[in-house]
Amino acid sequence: MPKQVDYEDRRRRIAEAVRLLIARSGMESVSLRDVAAEARVSMGAVQRCFRTKDEMLLFALEDISQRVADRAKARIEASDTPQSAATLLDRTLSALALVDPEDRTEAQVWVAFVAHATVSAPLATVLRDTYAKLHDLLVWLLDYGRSTGEFRDDVNAKAEAHTLLALTDGLTAQVLVGHVTPEDARRVLRSRAARQ
């Protein structure tokens with residue numbers, strides 16, 4: 001009887017191998033051969049899951065984008081008791097900023113994909129979609145804070161959401177290169193969340 005292959009599991013293992021290679025050596029280190037070795041599968045197995053390197057990178061980016069969005073939503077839903085809008089915003093920003101030491105691998109991969117997306121239309125499309133969803137989440141949080149009276153009525157939720165996304169991306173990069181400590185980055189985010 002032929003062995004049943006869980007292709008979705010294999011695709012996720014390959015995406016994880018892509019993430020690890022990028023975090024260790026940068027985007028240029030990702031080849032089908034190296035990914036196969038890292039994922040402990042054959043080159044043929046990688047090629048059965050992904051026809052091209054670009055297709056493999058696209059899947060890996062979609063996977064990490066979903067993980068970042070899921071982490072932000074999980075922090076919002078983490079408590080059974082109602083949270084203040086400022087607390088929810090702070091938790092969400094800390095999830096998006098990828099500044100904690102345990103987030104370093106994802107941060108390295110995220111920044112590498114953002115840089116690579118400037119010359120790859122398919123990757124840019126995924127990132128635009130991801131940013132749009134995160135923007136909508138932040139707008140919802142800001143509007144929620146205005147409706148509860150925690151945030152000022154004059155807060156322009158759409159404009160502020162753009163600013164907050166830029167802030168999280170900037171802090172992610174600055175923590176990665178050592179310009180800002182994770183503690184300082186979290187302090188900046190907390191301060192910004194409280195200023196609404």
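In the model, Asp34 has a side-chain atom that pairs as donor or acceptor with a side-chain atom of Ser31 under 3.5 Å.
The pair Glu8-Arg12 meets the salt-bridge criterion, with a side-chain N (NZ, NE, NH1 or NH2) lying under 4.0 Å from an Asp/Glu carboxylate O. Contact check on Asp153 versus Arg146 returns no salt bridge, with no Lys/Arg side-chain nitrogen under 4.0 Å from an Asp/Glu carboxylate oxygen. Glu106 has no carboxylate O lying under 4.0 Å from a charged side-chain N of Arg19, or vice versa, which leaves the two without a salt bridge. In this structure, Arg11 does not pair ionically with Asp63, as no charged nitrogen and carboxylate oxygen lie closer than 4.0 Å. Classification of Arg187 and Asp184 as a salt-bridged pair holds, one side-chain N sitting under 4.0 Å from a carboxylate O.
Classified by interplanar angle (parallel below 30°, tilted 30° to 60°, perpendicular above 60°), the ring pair Phe50/Phe59 is tilted.
Proximity of a side-chain donor or acceptor of Asn156 to a complementary backbone N or O of Ala159 within less than 3.5 Å is detected. A distance-only check finds a donor-acceptor pair linking the side chain of Ser29 to the backbone of Leu21 [under 3.5 Å].
Counting non-hydrogen atoms of other residues, nucleotides and ligands closer than 6.0 Å to CZ of Arg33 gives a total of 12 or fewer. At most 12 heavy atoms of other shown residues, nucleotides or ligands fall within 6.0 angstrom of atom NZ in Lys158.
Residues His135 and His162 have side chains in contact (heavy-atom distance under 4.5 Å, counting atoms from C-beta outward). Annotation: side chain of Thr125 is not in contact with side chain of Pro122 (no heavy-atom distance under 4.5 Å). The side-chain heavy atoms of Leu57 and Met27, taken from C-beta on, include a pair separated by under 4.5 Å. You'll find the side chain of Asp54 stays beyond 4.5 Å of the side chain of Ser120, heavy atoms only. Two residues are said to be in side-chain contact when any heavy atoms from C-beta on lie closer than 4.5 Å; Ile22 and Trp110 fail this criterion. Taking 4.5 Å as the limit, every side-chain heavy atom of Glu38 sits out of range of all side-chain heavy atoms of Arg13.
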CA sep, side-chain torsions, deciding dist, call: Met56, Thr52, side chain to side chain contact (heavy atoms under 4.5 Å, CB included): CA-CA 6 Å; Met56 181 178 64; Thr52 65; over 6 Å; no
Could you walk me through whether Leu127 and Leu61 satisfy the side chain to side chain contact (heavy atoms under 4.5 Å, CB included) test, starting with their C-alpha distance in whole Å, then the side-chain angles of each, then the deciding distance to 0.1 Å, before giving a yes or no? CA-CA 8 Å; Leu127 283 174; Leu61 175 57; 4.0 Å; yes
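Between Leu138 atom CG and Leu89 atom CG the span is 6.5 Å, to the nearest 0.5 Å. From Ser147, atom OG reaches atom CG of Leu142 across 11.0 Å, with rounding to the nearest 0.5 Å.
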